[in-house]
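Notes follow the structure.
Residue numbering restarts at 1 for every chain, and letters A, B, ... go by the order of the sequence lines. Just the heavy atoms: all of them, side chains too, but no hydrogens, waters or symmetry mates, feed the values below.
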Amino acid sequence: MPVARPEPQEPRVIAHVDMDCFYAQVEQRRNPALRGQPTAVVQYNDWKGGGLIAVSYEARAFGVKRSMRGDEAKRVCPGINLVQVPVARGKADLSLYRSAGSEVVTILASKGKCERASIDEVYLDLTDAAKDMLLQAPPNSPDEIFMEAAKSNILGLPSNASEKEKNVRTWLCRVDAEYEDKLLACGAIIVAQLRGRVLEETQFTCSAGIAHNKMLAKLVSGMHKPAQQTVVPSSSVQDFLASLPVKKMKQLGGKLGSSLQDDLGVETIGDLLSFTEDKLQEQYGVNTGTWLWKIARGISGEEVEDRLLPKSHGCGKTFPGPKALKNSTYVKGWLDQLCEELSERIQSDLNQNKRIAQTLTLHARASKENERDSVKKFPSKSCPLRYGIGKIQDDAMKLFESGLHEFLESQSTGWSITSLSVTASKIFDIPSGTSSILRYIKGPSSAASLDLPASSSVPEDPSLDNHLNVTPIHGEQCEPSTSEKVDAKRYSANEGKKISKKLPEVKASHPRFLIL
DNA sequence: ACGGATCAGACA
DNA sequence: TTGTCTGAT
């Protein structure tokens, strides 16, 4: 459920930057023959030509859409180039796109707070940069960047097609503008500059929205695509929201939005204005109620987080229909593959970013045969994460077995798994520099204390994993793998509570580690 | 009999 | 805190 955040007093300048059909651009950069050609990226192509996950604008012109199948795309656009997502260990491997996304983030983070919102999107807080510009070089002259910014779309600005750019130019450097609008104008110039750098340095185009909060920036970043940006002056907010279909608002694309339509007869955000805050709270609770009341008025206090890296790493695969996994041997095989990729990714995160993941979670979907609509869910399970491919594989399998027993408790003859995933989460920075903060303790086998190699290089070779295993200290009985049988209780929440009472200091912003 | 693979965040 | 659920891309 959405929650309202306290609203900052000072006007902020927030941008949402969104890469245009990102995976398609990545493939077009990789293979120049695809540039300017209708192109789509598909994953797996054995069934109906695979599923489209990105469609170039050349292909969209033919009516090709995401969520089409490769076969269908070929029908509406026979000349389309279908590029497959790389496959590794029998599953789609997105690493190519992840690293391309990192290239972009690195550039976009250079002008202020930057939050990685997804593999191809960021939010920026450009308030300080915009204020600086306003003091030192307020918009006026026709330099190059300014000319780019002049191609912005200004929401609510009357645009006589022919005079549009002139209108935008005058809007951008109005001397009599409100302070807020001047800040936005500076923001637009900064974003134009950043997008220019992204294009120069990566060859990728992106679109952006510039507004006073994240909600509005996000709403308009996709309004003019590709390779364009849109500004939302305060004066245009009410009219804009008034006619905006509720389902278009972030967080209202699902059940909550449907409930607004079905239960309250709300079709547009503007319709929300006729409800009191109390009424909305009564319907949806205090948090969601006040959130709804505020977004109807264009108010959103959500801050841009300073975070360039993901908070978790997950690997998963689905096994649709006939491909469902029907015994533990198959499950083990696929789980091993997934864990191998996961291990590789967290190992890179450790080496490159000095971050350690603390929790391993297993997720599965299952169906039971022979049972009238058995919609019982397969329970997800987690445990302390121990580094090293073999350990992760062992632990993941134990988690699966634990979940499977619970799943089958009621009864049932046959089961089959239709999706599997493993996730590493609770990722902490390793405080660098003064290693005195860190307390590394050798495991039970030997009792000396130990430091991370000062060179800061951590072995990436998986074969070395055995020598360096880092585990959060409160994962005391961190091994499901030592013993022959593992009781599901071992993973229960109670254990953790006891331990954290014993060691209250682990609640600090960084964990203490055990090296086995 | 799932668009698929990932992510984030709120709630109990 | 774990696990569930929602929502987004």
Identify, with sequence neighbours excluded, every residue that meets side-chain contact (heavy atoms from CB on, under 4.5 Å) alongside A:Thr39.
A:Gln28, A:Leu34, A:Gln37, A:Ser56, A:Asn81, A:Val83
A:Tyr330 six-ring face occupied by A:Lys323 cation (under 6.0 Å, within 45°)
no
State whether a side-chain donor-acceptor pair under 3.5 Å links A:Ser207 with A:Asp18.
no
In terms of side-chain heavy atoms of A:Lys377, which of C:dC5, C:dA8, B:dG3 is nearest?
C:dC5
Starting at atom CZ of A:Phe319, determine the distance to atom P of B:dA5, rounded to an integer number of angstrom.
8 Å
A:Lys326 charged N/C atom sitting above A:Trp415 aromatic ring, 6.0 Å / 45°
no
Counting heavy atoms from C-beta on, name the nucleotide in B:dG3, B:dA10, B:dA5 closest to the side chain of A:Val3.
B:dA10
Would you say A:Thr423 reaches B:dC7's phosphate, i.e. side-chain N/O to OP1/OP2 under 4.0 Å?
no
Please work out if A:Tyr44 contacts a base, only the sugar-phosphate, or nothing of the nucleic acid, heavy-atom cut-off 4.0 Å.
sugar-phosphate
Check whether any side-chain N or O of A:Lys311 sits under 4.0 Å from OP1 or OP2 of B:dG9, and answer yes or no.
yes
So what does A:Lys247 touch, heavy atoms closer than 4.0 Å: a base, only the sugar-phosphate, or nothing?
nothing
Regarding A:Leu252, tell me which of base, sugar-phosphate or nothing describes its non-hydrogen contacts under 4.0 Å with the strands shown.
sugar-phosphate
Return the value, rounded to whole Å, for the distance between atom CD of A:Glu115 and atom P of C:dT9.
14 Å
Please give, in whole Å, the distance from C:dG7 C1' to A:Gln251 CD?
6 Å
Hey, does A:Pro310 reach any base, or is it just sugar-phosphate, or nothing, if we go heavy atoms under 4.0 Å?
sugar-phosphate
Please work out which residues in residues 66-84 of chain A have a non-hydrogen atom less than 4.0 Å from an atom of DNA chain B and list them by number.
A:Ser67, A:Arg69
Find the distance A:Lys323:NZ to B:dG3:P and express it as a whole number of Å.
15 Å
How about A:Ser221 and A:His16: does a side-chain donor come under 3.5 Å of a side-chain acceptor?
yes
Less than 6.0 angstrom separating the ring centers of A:Tyr97 and A:Phe22, yes or no?
no
Answer yes or no: is there a side-chain heavy-atom contact under 4.5 Å between A:Asn353 and A:Ile430?
no
Is the shortest side-chain N/O distance from A:Arg5 to OP1 or OP2 of B:dA10 below 4.0 Å?
yes
Do other residues, nucleotides or ligands put more than 12 heavy atoms under 6.0 Å from the OH atom of A:Tyr57?
yes
Just N and O in the side chain of A:Lys248: are any of them under 4.0 Å from OP1 or OP2 of C:dA8?
no
Of all the choices, C:dT9, C:dA8, B:dA5, which nucleotide is nearest to the side chain of A:Thr318 once you look at every atom?
B:dA5
Establish, from distance only, whether the side-chain atoms of A:Thr202 and A:Arg197 form a donor-acceptor pair under 3.5 Å.
no
Indicate the ring-plane relationship of A:Phe407 and A:Phe378, choosing parallel, tilted or perpendicular according to the 30° and 60° boundaries.
tilted
Sorted by number, the residues of residues 95-104 of chain A with heavy-atom contact under 4.0 Å to DNA chain B
A:Arg98
Output yes when at least one side-chain N/O atom of A:Ser312 is less than 4.0 Å from OP1 or OP2 of B:dA8, else no.
yes
Could you state the CH2-P distance from A:Trp291 to B:dG9, rounded to the nearest angstrom?
15 Å
Given DNA chain B, 5'-ward residue of the pair A:Ser421 and A:Gly51, judged by closest heavy atom
A:Gly51
Rounded to the nearest angstrom, tell me the gap between atom CD1 in A:Ile427 and atom P in B:dT6.
14 Å
Does OP1 or OP2 of C:dT9 have a side-chain N or O of A:Lys250 closer than 4.0 Å?
no
Along DNA chain B (nearest heavy atom to each residue), the more 5'-positioned of A:Pro2 and A:Cys315:
A:Cys315
Categorize A:Gln43 for me: base, sugar-phosphate, or nothing, with a 4.0 angstrom heavy-atom threshold over every strand shown.
base
Length of the CE-C1' vector between A:Met215 and B:dG9, whole Å:
18 Å
Do the side-chain N or O atoms of A:Lys255 get closer than 4.0 angstrom to the phosphate oxygens (OP1, OP2) of C:dC5?
no
How many Å lie between CD on A:Gln358 and P on C:dT2, as a whole number?
9 Å
For the residue pair A:Thr359 and A:Ile427, establish whether any side-chain heavy-atom pair is separated by less than 4.5 Å.
no
Think A:Asn287 has a side-chain N or O under 4.0 angstrom from the OP1 or OP2 of B:dC11?
yes
Could you please name the option among B:dG3, C:dT9, B:dT6 that lies closest to any side-chain atom of A:Asp120?
C:dT9
State, with a plain yes or no, whether a side-chain heavy atom of A:Arg345 is found less than 4.5 Å away from one of A:Cys315.
yes
Measuring only the C1' atom in each nucleotide, how far is C:dT9 from B:dA1? A whole number of Å is fine.
24 Å
